[in-house]
Structure formats: C-alpha cells, structure tokens
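Note that this is a predicted model, so its numbers are computed, not measured. Counting begins at 1 with the first residue of the sequence.
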Amino acid sequence: MATTPPTRSPELRKDPVTNRWVIFSPARAKRPSDFKSKSPENPNNNSSSCPFCIGNEHQCAPEIFRVPPDPNWKLRVIENLYPALSRKLDHPNGQNDDSSSELSGLGRVVPGFGFHDVVIETPVHSVQLSDLDPSEIGDVLIAYKRRIEQIKQFDSIKYIQVFKNHGASAGASMSHSHSQMLSLPIVPASVSTRLNSMKEHFNQTGKCSLCKVQSKDLLINETSHFFSIAPYASSFPFEIWIIPRDHSSHFDELDNKKAVDLGGLLKLILKKMALQLNNPPFNFMIHTSPIQITDSEIPYSHWFLQIIPQLTGVGGFELGSGCYINPVFPGDAAKILRELNVPI
C-alpha cells in the first residue's frame, strides 16, 4: 500500500533584500510539480485593430524613438496614451525638489510630474518576448537603458520603474507584447526599504546580499554574466530572480554584450516557466537603485530582475500584515525548473 510522503513543517523566512517575512506552508498545497496556471495566457492574434502593430503607428501616442529608425522597425518606445503621471506639468528644467512639495494637514503632496512610456517589443502581434532571439531581447533591454539615460537628465525624477505585465490577470490591457517604464518624482517606500535591508546585511556581513548564489539548491540556470535563482524567501510560488554576477547598482550600467547574455537567460527562464506552469500570466520588474545614490551606498546596492508568475491570489492576510504565505519552498521550485529541459 502506497504511503503519503511526510509533509514539511511550516517555517518563516525573512528576505535579506526585501526585508519581508514569508510563511512557507506546504501543507496548504498540492505537490510543487503539480502547480499550473488556472488561466493560461492565450494572446489574441487579431492584429487588424491593434495600435501596437506595424502599420498602425498613427493610432498610438507620440513616439519617442524606434529601433532601427526606419519604417521596418523592430521595437518602438512611445508615450503611454493613458499616463499615470504628466510630462507636461510646468517645471523649470524639469526640477522638482523638496521646495515644490507641500505638507498639508493630511500629508505631503508632490506635483504629479513624471514620464509613463511604453516599449513595444515586437512589430508582430503574435510574437511574444520569449519568441525573440537573445540579441533581440537584448535590444529591448538596451532600449530601457537608452530611455533611462534620457530621463535622467530631469533632476525631478528620482526613480524609474521598468516592468512588464503579461496577461490580463497580470494587469496587461493590450495582448501585443510590450513593457512599460514609469519615472517617478519620489523614491517609493519599498525601494528605500530594500536598500536599507541590503545595507543592514552589508553592515553585518561585509558582503553584498546579491553578489553570490547563497545556496546551489536555489540556483536555476546561469550564464557568463548572470544567474537565476528561486530567492530564499520567495513571496510567491515559483518566483524567480535574475541577478548580475558583477556588482552593479544601476540597471543602466548594462552594456550590449551583457544585454544579449541577459536576453538569452531571460528567454530560457520564460520558456521554462511557460512549459512547467501552463503559460501563466506573469509580471516582471527591474529593481534598480534610485537615480541619485551616494558613494557609501554603492557597495550594497545591486540591481536584479524579478519574475512573478500569477499562480495564487493575494488576500486579506497579505494585505493586512505585509507577510506572504507561499505553499512552495524555493528549493523545490528551483529543482523543478533547473531540471526542466527546454529547446531554445
């Protein structure tokens, strides 16, 4: 008679990067290998009415640049037609320092000046980011870098968030493959918390919390310049981080060679995630440093790319406590993804 394998006991882990506590409770879940998306993403292939498709450029908000700069483009960076912030607010030289904020009885107010851009990753509607070859994904990454370098000229901008929503349930309003960049006049609290947590780890150990793989059990795949892991205290099942091997505080320090290397690893990870988890909706975010950091902050500030497949919901406990419940231990997720063979 078959016996049920023993269930691991729950445990709490604190992430040394995000400073967040996570409850690992495998008894709440099926086997890690059985995790699949309940709502796989099936992009709509109807391109006739899609403004992001080549030939429909006139339907979009103004273009910032395209690559290459001719009618047969491979990617475009455009303004968001429905921006969260306004690039048209009147700020001399784009400056928006503390003197432009107001402290009322209800809280601090900063004018909503900023940039909200869209990166159209491919001219073809049916092509997803993971379908591109490593050099083409590298071109997308370099487009992020190029736009960041443009926006850094505005003194008012303090932080730039690059992110991708893939699938309607992950927040994507358009099925055509694209990502977004939101440039903020403030440094978000979560970014400050991350840097403070990394500083605390550095002060305690003398080492950057991300420069080396802390455990081979958490490693998924690696290349010459990057490695991918299931983080020690993953907030979500099958969460993945891609981290530069060389210490780097800002994403826009990425060069062309490393962009292609990262493009290859990102392609592999997205392919593995789609195959193992039934093509789930997902989000990826580039966690970089604020535009202005001091020399003393550089030794512990290390950027990384986070990928979160949408497999579980966030409920009242998570929203109320700031803690997350993850039914899959990261070592189990890493092993499954590491051992999965995907043709590229």
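Relative ring orientation between H125 and H176 is described as perpendicular, the plane-to-plane angle rising above 60° on a 0-90° scale split at 30° and 60°.
Inspection of the D133 and S135 side chains reveals an N or O donor paired with an N or O acceptor under 3.5 Å. No donor-acceptor contact under 3.5 angstrom links the side chains of Q180 and D117, judged on distance only.
Checking side-chain atoms of S197 against main-chain N and O of T193 turns up no donor-acceptor pair under 3.5 Å. Of the possible donor and acceptor atoms, none in the side chain of S209 sits under 3.5 Å from a partner among the backbone N and O of V17. A side-chain donor-acceptor contact under 3.5 Å links T223 to the backbone of F226. No side-chain donor-acceptor contact under 3.5 Å links D332 to the backbone of V328. Formation of a donor-acceptor pair under 3.5 Å by the K267 side chain with backbone atoms of S130 is found in this model.
Salt-bridge formation is not detected for the pair K74/D139: no Lys NZ or Arg NE/NH1/NH2 atom is positioned less than 4.0 Å from an Asp or Glu carboxylate oxygen. A salt bridge links R87 with E79: the distance from a Lys NZ or Arg NE/NH1/NH2 to an Asp or Glu carboxylate oxygen falls below 4.0 Å. Note on K152 versus D252: salt bridge recorded, some NZ/NE/NH1/NH2 to OD/OE distance being below 4.0 Å. Between K164 and E121 there is a salt bridge, with a side-chain nitrogen of the basic residue lying less than 4.0 Å from a carboxylate oxygen of the acidic one. For the pair D261 and R245, the salt-bridge criterion is not met [side-chain N within less than 4.0 Å of a carboxylate O]. Salt bridge annotation for E253-K145: absent, with no cationic side-chain nitrogen under 4.0 angstrom from a carboxylate oxygen.
In this structure, Y144 has no ring pair (Phe, Tyr, Trp, His ring centres under 6.0 Å) partners at least two apart in sequence or on a different chain. Among residues two or more places apart in sequence or in another chain, the ring pair (Phe, Tyr, Trp, His ring centres under 6.0 Å) test is passed with F115 by F113, F154.
Under the 6.0 Å distance and 45° angle rule, R13 counts as a cation-pi partner of F24. Annotation: cation-pi pair R76/F65 absent, no NZ/CZ under 6.0 Å from the ring centroid and within 45° of its normal.
You'll find the ring centres of F236 and Y324 inside the 6.0 Å limit.
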Subject >> N221/K272 under side-chain hydrogen bond (donor to acceptor under 3.5 Å, both in side chains): CA gap, chis, key distance, verdict >> reply: CA-CA 11 Å; N221 290 97; K272 284 192 170 191; 3.0 Å; yes
Original post:
Can you list the steps and then say if R194 with D15 is a salt bridge (Lys or Arg N to Asp or Glu O under 4.0 Å)?
Top reply: CA-CA 10 Å; R194 166 165 51 88; D15 190 301; over 6 Å; no
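The hydrophobic cluster containing V118, built from Ile/Leu/Val/Met/Phe/Trp/Tyr side-chain heavy atoms closer than 4.5 Å, also comprises F52, I54, W73, I78, I120, M174.
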